[in-house]
Amino acid sequence: MDSHVGSGKVITAPLITEDGRPIKDPLVLLEATSSENTSDGTSTSSTNGNEIDESASRITDKLIIDWKLTLHQIGLDVLRTDRTMVFYENKENLSKLWDILAVYAWIDKDVGYCQGMSDLCSPMIVLLKDEADAFWCFEKLMRRLRGNFKCTDQSVGVANQLQYLASIIQVLDPKLHDHLEILGGGDYLFAFRMFMVLFRREVSFGDSLYLWEMMWALEYDPDIFFAACEDASAHKSKVSKSKLRGVRHFGKWDKDKDKENSKNGSEDTDGPVPISVFMVASVLKEKREKLLQEARGLDDLIRILNDVNGNLDAKKACAGALKLHKKYLKKVQTKKP
């Protein structure tokens with residue numbers, strides 16, 4: 001498909017023009033120049049500051065053109081991903097991240113590559129030495145998250161989670177919800193990034209791994225966590241066998257649903273509210289007083305929440321999310337006729 005994939009390089013300049021003409025020396029952004037002849041007599045021209053290789057065959061397949069047009073954008077995002085980590089001072093690790101995202105962009109033609117995927121893929125590269133293993137773990141992760149990246153002019157991929165969040169805050173803290181609506185944040189789009197990249201920007205790298213594992217484990221049955229905590233505090237033995245059977249049963253169901261969701265690119269909207277929604281709710285609860293007292297517009301709202309970036313305590317946020325989850329369930333049950 002392209003010789004740069006697997007070459008150990010990271011492409012940060014366009015490989016091709018929008019009409020399918022290959023760009024010469026794509027690794028370097030060239031200044032716009034007039035048409036001229038190269039030393040080998042080949043004619044070259046320039047468009048948008050990139051030198052075009054007229055001797056190369058023009059690509060006509062639109063799928064290939066679209067894919068090649070994303071490769072340099074992937075490279076730019078790769079260079080910005082976890083850039084403070086010593087691990088990525090090794091260019092070989094950067095190229096692994098670029099390779100995986102480039103290949104994924106080709107195999108998932110419906111979604112392709114979207115900004116934010118590099119944040120989700122990076123932990124796979126760090127944890128797994130083998131590039132192929134890292135790719136398939138990332139591909140599996142994207143089966144559950146690719147729906148988040150399917151955006152249209154009318155809706156965003158995380159629309160369901162934003163709606164869940166609005167409903168939860170309205171039930172748990174009507175005053176805060178009303179204040180957010182007055183500020184123009186009633187659609188909760190300010191939480192968009194938290195859902196898209198699973199809090200990678202809000203917590204440290206190590207905490208993000210803790211957070212992901214906790215969230216995915218709780219998808220099986222949040223009550224298991226509380227039962228385990230209660231048993232531990234009372235020095236009892238293990239969680240009841242009936243609950244564990246429920247976990248295994250849910251795991252089998254989850255596998256079937258995963259196959260279905262991977263086909264249509266959607267999340268399971270009929271299942272329980274994802275714990276990630278309560279995670280965002282816990283962040284809002286922590287910043288509640290500041291939001292109520294200082295936020296006078298959307299800019300203030302975003303500024304206050306941006307203070308969380310890199311400073312969120314994952315364990316504290318998890319504990320807060322679980323408490324809100326339990327409180328929400330109680331309130332909803334009491335309202336039922």
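When reading the values below, keep in mind they use all heavy atoms of this one structure, side chains included, and skip hydrogens, waters and symmetry mates. Values in this document were obtained by computation on a predicted structure and should not be read as measured data.
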inquiry  = Taking the side chain as everything from C-beta on, heavy atoms only, tell me whether E18 gets closer than 4.5 Å to I65.
reply    = no

request  = Apply salt bridge (charged side-chain N to carboxylate O under 4.0 Å, His left out) to D178 and list each qualifying residue two or more places apart in sequence or on a separate chain.
outcome  = none

message = As a test of understanding, state which of L162, V280, N306, L305 forms a side chain to side chain contact (heavy atoms under 4.5 Å, CB included) with F190.
response = L305

key: Which residues share a side chain to side chain contact (heavy atoms under 4.5 Å, CB included) with T70, sequence neighbours left out   = W67, I74, A105

message = Between D313 and K315, does any side-chain N to carboxylate O distance fall below 4.0 Å?
response = no

task = Look at the side chain of D119 and the backbone N and O of V197, then say whether any donor-acceptor pair between them is shorter than 3.5 Å.
result = no

ask   = Between K285 and D173, does at least one N-O distance fall below 4.0 Å, as a salt bridge requires?
value = no

ask   = Are any of the side-chain heavy atoms of W216 and I275 separated by less than 4.5 Å?
value = no

key: For F195, all residues meeting ring pair (Phe, Tyr, Trp, His ring centres under 6.0 Å), sequence neighbours excluded   = none

request  = With sequence neighbours excluded, tell me which residues meet ring pair (Phe, Tyr, Trp, His ring centres under 6.0 Å) with F192.
outcome  = none

ask   = Do I100 and E131 come within less than 4.5 Å of each other through their side chains, counting heavy atoms only?
value = yes

key: R80/D77 ion pair, N-O < 4.0 Å   = yes

task = Might you confirm whether atom CD of E289 has over 12 heavy atoms from other residues, nucleotides or ligands at distances under 6.0 Å?
result = yes

key: Lys/Arg-Asp/Glu bridge criterion (N-O < 4.0 Å) met for K287, D307   = no

remark   = Sorted by chain and number, sequence neighbours left out, side chain to side chain contact (heavy atoms under 4.5 Å, CB included) with F149 holds for V111, C114, M117, L120, M142, M196

query = Does NZ or CZ of K96 fall inside the cone over W98's six-membered ring, less than 6.0 Å from its centre and within 45° of the axis?
reply = no

inquiry  = Run the ring pair (Phe, Tyr, Trp, His ring centres under 6.0 Å) test against F138 and tell me which residues pass, sequence neighbours left out.
reply    = Y104

key: Non-hydrogen side-chain atoms of S95 and K9 separated by less than 4.5 Å   = no

query = Heavy-atom count around Q115 CD within 6.0 Å, excluding the residue itself: above 12?
reply = no

ask   = Do L15 and H72 come close enough that some side-chain heavy atom pair is under 4.5 Å?
value = no

ask   = Are R303 and D299 within salt-bridge range, i.e. N to O under 4.0 Å?
value = no

query = Can you find a pair of side-chain heavy atoms, one from M194 and one from S276, that are under 4.5 Å apart?
reply = no

